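Worksheet: one structure, shown below.
Chain letters run A, B, ... following the sequence lines, proteins first and then strands; every chain starts at 1. These numbers come from a predicted model, not from an experiment.
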There are 2 protein chains.
Amino acid sequence: LIQMTNIAKNYEIGEEVVHALRGVSLSIEKNEYVAIMGPSGSGKSTLMNILGCLDSPSEGTYDLNGKAVSDMTDDELAEVRNKEIGFVFQNFNLLSRSDSLHNTELPLIYLGVSRKKRRELAIASMQAVGLGERMHHKPSELSGGQRQRVAIARALVNNPSIILADEPTGNLDSKTGEEIMQIFEVLHSKGNTVILVTHEPYIAEHANRVIHILDGQVDSDKATENA
Amino acid sequence: LIQMTNIAKNYEIGEEVVHALRGVSLSIEKNEYVAIMGPSGSGKSTLMNILGCLDSPSEGTYDLNGKAVSDMTDDELAEVRNKEIGFVFQNFNLLSRSDSLHNTELPLIYLGVSRKKRRELAIASMQAVGLGERMHHKPSELSGGQRQRVAIARALVNNPSIILADEPTGNLDSKTGEEIMQIFEVLHSKGNTVILVTHEPYIAEHANRVIHILDGQVDSDKATENA
Ligand SMILES: Nc1ncnc2c1ncn2[C@@H]1O[C@H](COP(=O)(O)OP(=O)(O)OP(=O)(O)O)[C@@H](O)[C@H]1O
Ligand SMILES: Nc1ncnc2c1ncn2[C@@H]1O[C@H](COP(=O)(O)OP(=O)(O)OP(=O)(O)O)[C@@H](O)[C@H]1O
Ligand SMILES: [Mg+2]
Ligand SMILES: [Mg+2]
């Protein structure tokens with residue numbers, strides 16, 4: 001499904017170059033459940049953005065479903081992103097002027113789903129993350145963990161086959177966090193692929209494989225007891 | 001130091017009223033170390049914003065240093081906020097167009113500290129949170145956990161006597177999180193008061209008292225083994 005070879009990512013700021021990823025190689029099969037861990041600033045979000053086709057590497061190759069992402073046109077990339085991938089951003093990335101229902105519907109608007117169907121799917125997704133009572137609140141009218149859950153609802157509304165979640169429980173108490181993990185568990189049991197970044201060991205325990213990133217490189221890549 | 005009696009906070013959205021806090025009474029002495037926990041959406045940040053004089057309650061009284069906050073003028077409130085309180089926001093609240101050094105200096109600009117002294121104090125604060133190499137990065141050029149640490153550096157730069165930190169480690173791996181907790185530990189040992197919101201039990205263990213909030217009310221308020 002996913003094959004990365006020698007992926008590097010550099011950011012330039014004035015004269016300075018930050019080597020956020022320095023030669024990452026990994027492959028992930030369909031229906032794996034992978035946790036990515038590592039210190040703050042080690043390159044996890046940079047890796048997730050490249051996995052999710054939201055950013056391109058400075059060097060290296062990335063094949064998705066057997067096709068080289070670097071050879072895809074913008075339209076093909078957008079189609080992969082909208083149809084196959086659900087992305088939960090670390091900073092939520094919600095539209096501040098729209099209420100949570102409209103934020104959740106967003107991926108379906110890109111896919112041309114009818115208004116009535118969009119509404120139904122978005123309401124179901126909001127209820128699944130426990131926010132049925134907060135559908136008409138704007139992001140500034142929600143708590144931190146509620147905003148995070150809108151970001152999760154939006155990522156799952158188009159029934160993606162690959163879920164990429166960057167620190168999905170960072171603002172959630174353990175009970176609410178476990179409810180979100182149950183959602184990922186169900187998606188995984190249905191044959192989908194789940195890749196999440198976390199710093200919380202009890203979250204990583206749900207995965208069947210843990211990749212540790214250190215200073216822009218893969219430090220270890222091991223199966224867990226769940227494998 | 002802090003005395004709250006029957007604090008209520010309501011938010012109105014159209015016809016709907018959200019009772020975010022429904023009668024919270026608590027008192028906190030100087031040099032206590034308090035952890036506030038509770039489910040997502042239970043009212044913790046709302047309580048912290050009122051404690052930090054960033055928002056006023058709908059009902060109830062709040063006395064700070066023996067003075068009623070509701071009787072303070074805007075200038076008096078600004079002085080308390082800038083001189084005595086360091087506030088770490090759950091969503092960081094950084095200026096997106098300024099680099100991290102300038103963001104950290106901000107409280108000192110309000111206090112009229114000289115440019116040279118501001119620079120020195122802000123550099124020391126950035127180094128204390130491990131971001132000496134990221135001083136000229138803007139927030140969008142930082143990782144999630146690095147942005148969080150800039151928010152912490154900014155809150156501590158004016159040497160506040162009351163530290164209010166809302167989920168200060170939500171985006172940090174446990175090692176970096178422990179480094180931040182060491183900073184709070186040192187501040188506490190110097191006689192300052194630390195009040196933090198967290199959902200991580202290993203963070204709450206640093207405190208000598210844990211207040212559980214449930215549905216806008218105090219559910220329990222107990223000393224920990226550290227007390
Ligand atoms: N500006 C607002 N307008 C309307 N409702 C609001 C507003 N801000 C917060 N709320 C609501 O008030 C309740 C309490 O919010 P608060 O941010 O205090 O929760 P919290 O305990 O900090 O949650 P979290 O752990 O998710 O950060 C939530 O249900 C939220 O939807
Ligand atoms: N746009 C950018 N410009 C310059 N440097 C950047 C940019 N984005 C990220 N970086 C740097 O690249 C490194 C990796 O960032 P990344 O966001 O991938 O880390 P992370 O592992 O997700 O960290 P965290 O756990 O704190 O979220 C960091 O040191 C960061 O400062
Ligand atoms: Mg990150
Ligand atoms: Mg909060």
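- The minimum heavy-atom distance between A:Leu172 and B:His199, with the atom names listed, is O-CD2, 2.6 Å.
- Note: B:His137 leads B:His137, B:Arg134, B:Lys175 in heavy-atom pairs under 4.5 Å with chain A.
- Neither the backbone nor the side chain of B:Gln148 comes within less than 4.5 Å of any heavy atom in chain A.
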Kindly indicate, with the supporting measurements, whether the criterion side-chain hydrogen bond (donor to acceptor under 3.5 Å, both in side chains) is fulfilled by B:Asn171 and A:Glu167. CA-CA 7 Å; B:Asn171 281 276; A:Glu167 295 278 1; over 6 Å; no
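- The side-chain heavy atoms of A:Ile13 and B:His136, taken from C-beta on, include no pair separated by under 4.5 Å.
- Of the listed residues (B:Ser143, B:Gly41, B:Pro39, B:Gly145), the greatest number of heavy-atom pairs within a distance under 4.5 Å of chain A belongs to B:Pro39.
- Scanning residues 16-26 of chain B against chain A with a 4.5 Å heavy-atom cutoff picks out B:Glu16, B:Val18, ordered by number.
- With a threshold of 4.5 angstrom between heavy atoms, A:Thr198 does not approach chain B through any atom at all.
- A:Asp173 contributes a side-chain N or O that, together with a main-chain N or O of B:Ser40, makes up a donor-acceptor pair within less than 3.5 Å.
- At least one side-chain heavy atom of A:Arg147 sits under 4.5 Å from a side-chain heavy atom of B:Asn91.
- Residue B:Thr46 does not touch chain A at all, counting heavy-atom pairs closer than 4.5 Å.
- Counting heavy atoms of neighbouring residues, nucleotides and ligands inside a 6.0 Å radius, atom CD of B:Glu133 does not exceed 12 of them.
- Heavy-atom neighbours of B:Tyr110 OH from other residues, nucleotides or ligands within 6.0 Å: at or below the threshold of 12.
- With a 4.5 angstrom heavy-atom cutoff, B:Ser45 does not touch chain A via any of its atoms.
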